[in-house]
Every structure is written in structure tokens, then in C-alpha cells.
Asks: 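Next up is a structure, given as C-alpha cells.
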Amino acid sequence: MQTAAVPELAHTHARPVHWIATATAMAAVVAIAGFLQPDAAKASQTPGERGTTPLTTAAAPDTGAVAFPLDCGSNGTAVEKKASGDLDGDGVPETVAVVHCNAGGGTPPSGIYVLTKPVVKGAPPRVVATLVDPKEKQTVADFDVRDGAVAATLLGYSSDDVPRFQPDVRQQVKWRWQGGKFVRSTGAAAMGV
């Protein structure tokens with residue numbers, strides 16, 4: 001039998017008193033944590049400040065029940081990306097969806113649609129704006145909804161001779177709700193989102 005190089009330490013043997021002391025200490029920590037709660041949140045936003053909108057508890061429209069205005073035949077549609085935010089400053093979030101036809105392969109053109117809550121309770125959300133129509137033959141690379149604006153990177157083609165798998169036009173765009181409609185900006189103005 002081989003002897004240990006390090007002498008046996010007395011404190012390495014746990015006894016019932018050690019387990020009871022540890023359990024009592026843990027119970028005390030949990031009890032104290034239950035009494036020490038943070039104060040209620042007091043942050044608020046005021047409507048009209050640039051980049052802010054009123055807080056809301058309304059749910060954003062769901063893309064699952066929407067019939068998007070795409071002609072996909074029997075293939076159906078696919079929601080590739082979606083994001084929500086209050087785009088018109090009314091305190092109720094809209095949903096923006098990047099949608100294309102189910103193609104099974106390749107890169108079908110995308111549409112970008114803005115959804116809002118239904119007018120009639122129980123009805124599906126409504127498509128209220130088409131920001132990019134699939135007929136424009138573009139795909140969406142990057143996409144975001146932030147600070148009341150929709151930003152996207154659109155990929156397209158300079159001519160019909162460009163292979164569909166290799167878009168040669170890249171455009172940064174942004175839409176913001178102004179004067180009762182979505183206003184599109186491109187280039188440097190779109191990069192500010």
C-alpha cells in the first residue's frame with residue numbers, strides 16, 4: 001500500500017454539523033434576498049421627443065395570419081425576416097416583414113411589407129405599405145427596425161445579363177414615416193439609422 005505524499009487533513013471530512021451549518025447559512029441568504037427587492041422602475045418617455053415614442057403594451061402584429069400580396073402560385077410564401085417597432089409614433093408597434101415566394105432553391109426576389117393591427121377585433125393584421133415590391137427583383141441582405149425607421153441593404157442587378165446568383169448592385173436604404181406616408185432615403189442619409 002502506498003502512503004499519500006500529503007498528510008490527511010482533518011477538515012476534509014464533512015460531518016453532519018457541517019451540512020447543517022451550510023444549509024442554515026444558505027437559507028439565511030435566500031431569506032435576506034427575498035426582503036431586499038429593488039425599487040419600482042421610474043423611467044418614462046414623453047411623446048414627441050426625437051427618436052422616442054410612447055410606451056405601449058400592445059402586441060406587434062403577427063405575420064402568421066397575413067396573406068401577403070405576392071403571386072407565388074401553389075408554392076406559398078416564406079417570411080424570411082421580421083422586426084417590430086412604432087413607426088408612426090402612435091404608441092402601437094407595427095411589424096415589418098421581408099417575404100419571398102417559397103422557391104425550393106435559388107434566391108427569389110423579396111418584398112418588404114409593413115403590417116398594422118386589424119381594424120376589426122379577431123381579424124388578421126393588415127398590410128398597409130409595400131416598401132419593396134418583389135417585381136423590382138431585389139433581395140434583402142440586412143434589415144432592421146430602429147428609432148422609428150426601417151433600414152435595409154438591397155441587392156439587385158444592373159441588367160438582365162447579370163447572373164441571378166451574383167447581384168452587382170448594393171444599395172443602403174431607409175424609410176421613415178413622414179407626412180402620412182413612408183419616405184425613402186438612400187446612400188449617406190440611409191446610413192444614419
Side-chain angles (χ1 to χ4, degrees), residues 51 53 56-193:
T53 55
T56 181
T57 58
D62 181 23
T63 59
V66 176
F68 290 98
L70 281 127
D71 183 17
C72 298
S74 61
N75 293 334
T77 60
V79 177
E80 183 179 338
K81 302 171 188 172
K82 63 182 176 178
S84 298
D86 184 6
L87 300 175
D88 58 4
D90 66 353
V92 179
E94 287 78 28
T95 297
V96 182
V98 176
V99 185
H100 59 78
C101 291
N102 280 324
T107 308
S110 303
I112 301 179
Y113 303 98
V114 179
L115 311 176
T116 191
K117 64 181 182 173
V119 176
V120 177
K121 188 174 181 177
R126 301 176 296 138
V127 175
V128 293
T130 300
L131 303 179
V132 173
D133 192 315
K135 293 175 185 170
E136 297 173 33
K137 297 180 182 177
Q138 296 181 323
T139 56
V140 179
D142 296 320
F143 167 75
D144 191 21
V145 173
R146 189 176 9 162
D147 297 329
V150 179
T153 301
L154 304 178
L155 304 177
Y157 310 94
S158 59
S159 73
D160 288 338
D161 296 331
V162 176
R164 297 297 109 182
F165 64 88
Q166 193 174 9
D168 63 340
V169 176
R170 180 183 188 93
Q171 191 175 35
Q172 300 289 333
V173 294
K174 175 176 73 171
W175 295 268
R176 188 173 293 280
W177 184 258
Q178 295 174 340
K181 63 183 178 180
F182 285 99
V183 177
R184 178 175 166 165
S185 58
T186 59
M191 297 300 287
V193 171

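Quantities reported herein were computed from a predicted structural model and do not represent experimental measurements.
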Asks: What pairs meet the ring pair (Phe, Tyr, Trp, His ring centres under 6.0 Å) rule with one or both residues in residues 71-96, with sequence neighbours excluded?
Replies: none
Asks: What residue pairs, at least two apart or across chains, pass disulfide bond (SG atoms under 2.5 Å apart) with a residue in residues 96-137?
Replies: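 Applying disulfide bond (SG atoms under 2.5 Å apart) to every pair that reaches into residues 96-137, excluding sequence neighbours, yields Cys72-Cys101.
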Asks: Would you say the side-chain atoms of Asp86 pair up with the backbone N or O of Gly91, donor to acceptor, closer than 3.5 Å?
Replies: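 Yes, because the side chain of Asp86 sits within donor-acceptor range (under 3.5 Å) of the backbone of Gly91.
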Asks: Could you list all the side-chain hydrogen bond (donor to acceptor under 3.5 Å, both in side chains) pairs where at least one residue sits in residues 161-171, not counting sequence neighbours?
Replies: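 Those involving residues 161-171 are Ser158-Asp168, Gln171-Arg184.
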Asks: Which ring pair (Phe, Tyr, Trp, His ring centres under 6.0 Å) pairs, counting each pair once, include a residue from residues 78-105, with sequence neighbours left out?
Replies: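 Sorted result for residues 78-105: empty, none.
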Asks: Would you please name every residue forming a side-chain contact (heavy atoms from CB on, under 4.5 Å) with Asp133, sequence neighbours left out?
Replies: Thr130, Lys135, Glu136
Asks: Report the residues that fulfil side-chain contact (heavy atoms from CB on, under 4.5 Å) with Asn102, sequence neighbours left out, ordered by chain and then residue number.
Replies: Asn75, Ala78
Asks: Below 3.5 Å, can you tabulate the donor-acceptor pairs from side chains in residues 115-128 to any protein atom, sequence neighbours excluded?
Replies:
residue: Arg126; atom: NE; partner: Lys117; partner atom: O; Å: 3.3

Asks: Is there any ring pair (Phe, Tyr, Trp, His ring centres under 6.0 Å) pair reaching into residues 133-172, and which pairs are they, with sequence neighbours excluded?
Replies: none
Asks: Tell me whether the count of non-hydrogen atoms from other residues, nucleotides or ligands lying under 6.0 Å of NZ in Lys81 goes above 12.
Replies: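 Yes, the 6.0 Å shell around NZ holds more than 12 heavy atoms from other groups.
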Asks: Does the side-chain contact (heavy atoms from CB on, under 4.5 Å) test come out yes or no for Trp175 and Ile112, once each step is laid out?
Replies: CA-CA 11 Å; Trp175 295 268; Ile112 301 179; 4.1 Å; yes
Asks: Between the main-chain N or O of Leu87 and the side-chain N or O of Glu94, is there a donor-acceptor pair closer than 3.5 Å?
Replies: yes
Asks: Holding to side-chain hydrogen bond (donor to acceptor under 3.5 Å, both in side chains), I want the full list of residues that pass it with Ser110, two or more places apart in sequence or in another chain.
Replies: none
Asks: Not counting sequence neighbours, list each pair that qualifies as a disulfide bond (SG atoms under 2.5 Å apart) and has a residue in residues 110-149.
Replies: none
Asks: How long is the gap from CG on Asp160 to NZ on Lys137, to the nearest 0.5 Å?
Replies: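 Output value for this atom pair is 5.5 Å.
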Asks: Got a sec, which residues hit ring pair (Phe, Tyr, Trp, His ring centres under 6.0 Å) with Phe68, two or more places apart in sequence or on another chain?
Replies: Tyr113
